[in-house]
Asks: 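Right, I'll just put the structure down here and ask away after.
Note on naming: letters A, B, ... go to the chains in the order of the sequence lines (proteins, then strands), and numbering restarts at 1 for each one. This one's a predicted model, so the numbers in the text were calculated from it and none came from an experiment.
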Amino acid sequence: ETGVTQTPRHLVMGMTNKKSLKCEQHLGHNAMYWYKQSAKKPLELMFVYSLEERVENNSVPSRFSPECPNSSHLFLHLHTLQPEDSALYLCASSQDLDRVNTEAFFGQGTRLTVV
Amino acid sequence: GNSVTQMEGPVTLSEEAFLTINCTYTATGYPSLFWYVQYPGEGLQLLLKATKADDKGSNKGFEATYRKETTSFHLEKGSVQVSDSAVYFCALSDQGASKIIFGSGTRLSIRP
């Protein structure tokens with residue numbers, strides 16, 4: 001069982017839909033992340049949260065809206081997406097934000113298809 | 001800035017073959033180095049890590065040694081199995097998990 005759980009595993013949505021991705025970590029970590037993994041492109045860090053505060057937003061379009069209600073849960077709200085937003089969205093967590101030698105723990109991802 | 005370069009894939013080997021996936025890095029500080037593995041349809045899992053020069057990380061028969069003199073962290077396994085088919089990512093961080101830099105990934109396919 002992974003310590004980071006993402007739901008749903010697969011999602012198909014139209015360009016006018018609104019949907020949300022959910023991530024929950026059971027590791028007692030203080031930092032959480034959203035990554036985007038597209039075919040033939042490097043992993044892209046989208047958002048970083050530390051103790052429920054957003055500390056990084058890497059030029060992500062406003063049609064992606066993150067929410068971190070507590071240190072265990074992270075959401076990614078989606079609206080009016082484009083077909084090029086189809087990708088695997090990965091959630092990750094780490095013990096702290098800036099502790100050296102600390103790795104990130106990943107969820108299994110949500111495979112998003114925008115039609 | 002920091003960067004990671006890993007060998008282009010895909011790599012195709014027969015079962016029980018010896019595996020090497022090359023990884024070199026550029027860093028201004030003293031980074032920690034990681035290998036992550038992504039099995040089909042899954043997220044990334046930490047395979048092994050090394051936090052200082054000459055450290056050897058190992059797990060599931062895989063090994064990698066932190067070579068500061070050659071700025072390398074090559075992944076090796078003596079005898080691969082079909083179940084090792086996956087995408088392997090080399091990564092580094094010198095400022096914590098929020099600043100992990102990933103390589104582009106190397107797809108490995110093992111033939112029975």
Asks: Taking only residues at least two apart or on different chains, which pairs with a member in residues 69-89 of chain A satisfy salt bridge (charged side-chain N to carboxylate O under 4.0 Å, His left out)?
Replies: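 Sorted pair list: A:R63-A:D85.
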
Asks: Answer with yes or no whether the hydrophobic clustering places A:L112 together with A:F47; edges join I, L, V, M, F, W, Y residues whose side-chain heavy atoms lie under 4.5 Å apart.
Replies: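 A:L112 clusters together with A:F47.
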
Asks: Can you list every donor-acceptor pair under 3.5 Å that links chain A to chain B?
Replies:
residue	atom	partner	partner atom	Å
A:R9	NH2	B:G41	O	2.8
A:Y33	OH	B:S98	N	3.4
A:Q37	OE1	B:Q38	NE2	2.8
A:Q37	NE2	B:Q38	OE1	2.9
A:E56	OE1	B:K99	NZ	3.4
A:L97	O	B:A97	N	3.4
A:L97	O	B:S98	N	3.4
A:L97	O	B:S98	OG	3.4
A:D98	OD1	B:S98	OG	3.3
A:N101	O	B:K49	NZ	2.9
A:N101	OD1	B:S32	OG	2.4
A:E103	OE1	B:K49	NZ	2.8
A:A104	N	B:Y36	OH	3.0
A:A104	O	B:Y36	OH	2.9
A:Q108	O	B:G43	N	3.4
A:Q108	NE2	B:E42	OE1	2.7

Asks: For A:H77, check side chain to side chain donor-acceptor pair (under 3.5 Å) against everything at least two apart and list the hits.
Replies: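 Result, side chain to side chain donor-acceptor pair (under 3.5 Å) vs A:H77: A:S20, A:E67.
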
Asks: Between B:L46 and A:F106, is there a shared hydrophobic cluster once you connect ILVMFWY residues whose side-chain heavy atoms come closer than 4.5 Å?
Replies: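 Cluster IDs for B:L46 and A:F106 match.
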
Asks: Hey, are the side chains of B:L44 and A:L43 touching, using non-hydrogen atoms and a 4.5 Å cut-off?
Replies: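 When only atoms from C-beta onward are counted, A:L43 and B:L44 do touch, with a gap below 4.5 Å.
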
Asks: Can you tell me which portion of A:A31 sits under 4.5 Å from chain B's heavy atoms? Options are side chain, backbone, both or neither.
Replies: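 It is neither, since no heavy atom gets under 4.5 Å.
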
Asks: Who else is in A:V12's hydrophobic cluster (ILVMFWY, side-chain heavy atoms under 4.5 Å, direct or via others)?
Replies: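 A:V12 shares its hydrophobic cluster with A:V115.
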
Asks: Taking B:F89 as the starting point, is it possible to reach B:F34 by hopping between hydrophobic residues whose side chains are less than 4.5 Å apart?
Replies: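 Per the 4.5 Å side-chain linkage, B:F34 and B:F89 are co-clustered.
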
Asks: Out of curiosity, does A:M13 fall in the hydrophobic cluster containing A:M46 (side-chain heavy atoms, cut-off under 4.5 Å, transitive links)?
Replies: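 Linked, A:M46 and A:M13 end up in one cluster.
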
